[in-house]
Amino acid sequence: MDMRGLHFRLYLLFLLFTIVIVFVIGILQFANMKNNIETTLKENLMETGRSISSAYGSEAYLATIRSALNNGEYRVRTMTEHGDILVDTNQMSVYLQWPEIELNREELRESLNTSPGYFFVSLEDPEETEWVVYGQVLANWNGVREVLLVTMNTNSMKQELRHQMISLAQVACVIILAAFFICWLLTKQFLKPIEEITRRAELLAAGDYSVTFPRGSYTEIDTLAEVLDQSVQEFANYEQNRRNMIANVSHDMRTPLTMIKAYAEMIQTISGDNPQKRNEHLDVIISQSDKLSDFINATLVLSRFQAKLVELERTRFALDALVMEYILKLQMIHQEDYTFLLELDEDCMIHADYMRVEEVVNNLVSNAMKYGDGRVCVRVCREHNGIRLEIIDYGKGIPQDKLHLIWTRHYMVNPYAKDGGNSGVGLSIVKEIADLHGIEYGVESLPGEETRFWFLFPEA
Ligand code: ADP
């Protein structure tokens with residue numbers, strides 16, 4: 001048995017608890033028994049004393065004393081308070097001698113003076129037998145009291161007590177023996193759900209993500225099972241994502257790498273001597289290298305976000321100014337191919353990370369350029385609940401049932417239509433930035449008409 005195990009410890013605790021309870025009840029019971037036996041002894045002595053005293057002065061007096069003696073257990077004596085013996089059992093029976101115990105005069109008087117008409121004292125004879133003496137005043141002769149003393153030794157009382165203790169000990173032993181078994185059963189029952197959860201957790205550790213954790217035992221165990229079930233789900237998702245990511249990353253990297261290799265070989269074998277062809281091929285190599293590098297960078301950025309390594313550097317700035325500056329730069333490069341429409345309210349102040357917000361605008365405007373019809377509209381407007389940023393394009397859009405998926409890493413509505421360095425990472429980064437800022441955001445799309453990405457910043 002594992003001494004550090006919950007099973008053993010719990011078993012030991014239950015057992016100790018039972019033993020302590022039995023022990024305490026035993027002591028209380030013993031005290032009670034002792035008390036009862038003592039009380040009975042005193043009551044008997046008193047009853048005998050009373051029956052003798054009620055016969056005092058009558059003819060039946062000595063007969064009553066004798067009958068008490070014949071009872072076999074009592075010794076009787078009457079004496080004056082000065083210690084002069086008047087009647088003594090020694091005079092009546094050879095067997096029932098008054099024991100070798102003496103109450104001296106002072107003690108006797110003291111007991112009489114402080115008693116309510118009768119008293120009890122305990123005395124020991126030279127053989128160390130304990131005697132309980134009952135005393136009561138029989139008569140008063142001109143100021144001298146005559147006292148009746150009835151005594152009995154405690155041997156029979158002790159014997160009785162011993163018998164009762166043996167019975168008590170026997171009962172205690174039976175209870176403790178039963179406790180050995182009952183505690184074992186209780187512990188086993190108590191730990192059953194924990195053992196079951198452990199067994200299933202071992203399956204999980206071995207990679208079985210189909211495992212579920214049982215409920216219905218204790219509230220705490222149900223909570224644990226619920227948390228573990230969620231963890232299993234997380235593990236399963238994580239594992240699935242990991243596989244997807246490896247598949248996507250290798251796929252996305254293989255395409256530009258194949259192109260780079262193919263065009264390098266073409267330069268080596270075909271176009272090396274033809275400057276025009278060679279430059280065309282070199283352009284392809286350079287653009288594919290850029291794609292690869294962009295992809296790796298985006299993936300690294302996303303990993304940093306997901307590992308919670310990115311911290312925001314918030315400042316207060318005008319969102320409309322950021323958009324204006326960004327679009328002006330873009331217009332200079334793409335003046336001929338795209339039309340940029342701006343609808344900007346003035347001084348739309350927000351408290352956010354400038355660089356990250358610019359990254360959001362960059363990602364969404366790039367998508368609008370990639371997937372739209374050449375017109376890109378950016379709106380920044382002040383609303384009653386904050387500053388709203390919208391990036392709108394008028395391209396083929398995103399089907400309704402795919403809208404919730406586009407924020408997922410490496411998700412592409414049409415993964416084979418690769419013409420602009422797509423990687424399915426951009427919107428995942430946008431989502432991470434928006435979540436980190438704690439703002440509301442969303443997308444609405446009417447395929448073939450317009451697609452609108454929106455963000456709602458609190459006004460600073
Ligand atoms: P990427 O554009 O590099 O593929 P994103 O994460 O930016 O990666 O976008 C994920 C997918 O969402 C895209 O592949 C595309 O299918 C879809 N998408 C994003 N923006 C738009 C848009 N404005 N119009 C249509 N589809 C879009």
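For ligands, and for the atoms within them, numbers begin at 1 and follow the listed sequence. Since the structure is predicted, the reported quantities are computational estimates derived from the model, not experimental observations.
Remark: K42 does not engage E38 in a salt bridge, criterion side-chain N to carboxylate O under 4.0 Å.
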Residues 275-283, side-chain donor-acceptor partners within the protein, below 3.5 Å, at least two apart:
unit_1: R278; atom_1: NH1; unit_2: G272; atom_2: O; d: 2.9
unit_1: N279; atom_1: ND2; unit_2: P275; atom_2: O; d: 3.4
unit_1: H281; atom_1: ND1; unit_2: S271; atom_2: OG; d: 2.9

Extract all donor-acceptor atom pairs below 3.5 Å that involve side chains of residues 324-344 and protein atoms in other chains or at least two apart in sequence.
unit_1: Y326; atom_1: OH; unit_2: N362; atom_2: OD1; d: 2.6
unit_1: E343; atom_1: OE1; unit_2: R379; atom_2: NE; d: 2.9

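For the pair I398 and ligand 1, a heavy-atom separation below 4.0 Å is found.
Under a 4.0 Å criterion applied to the non-hydrogen atoms of I406, ligand 1 contributes the atoms 12 (O). Within ligand 1, the atoms closer than 4.0 Å to a non-hydrogen atom of G397 are 25 (C), numbered from 1 in the order shown. Counting the atoms of ligand 1 from 1 in the order shown, those under 4.0 Å from a heavy atom of D393 are 22 (C), 23 (N).
In the candidate list F295, Y371, F453, Y371 is nearest to atom 13 (C) of ligand 1, counting heavy atoms.
In this structure, the ring of Y218 has its center less than 6.0 angstrom from the ring center of F190.
When heavy-atom distances to ligand 1 are checked against a 4.0 Å cut-off, K370 comes that close only through its side chain, counted from C-beta outward. The part of V425 lying near ligand 1 is the backbone, judged by heavy-atom distances below 4.0 Å.
Counted within 6.0 Å of CD on E130, heavy atoms from surrounding residues, nucleotides or ligands total more than 12; the atom is thus considered enclosed.
Ring geometry, Y134 versus F120: the interplanar angle falls from 30° to 60°, so the pair is classed tilted.
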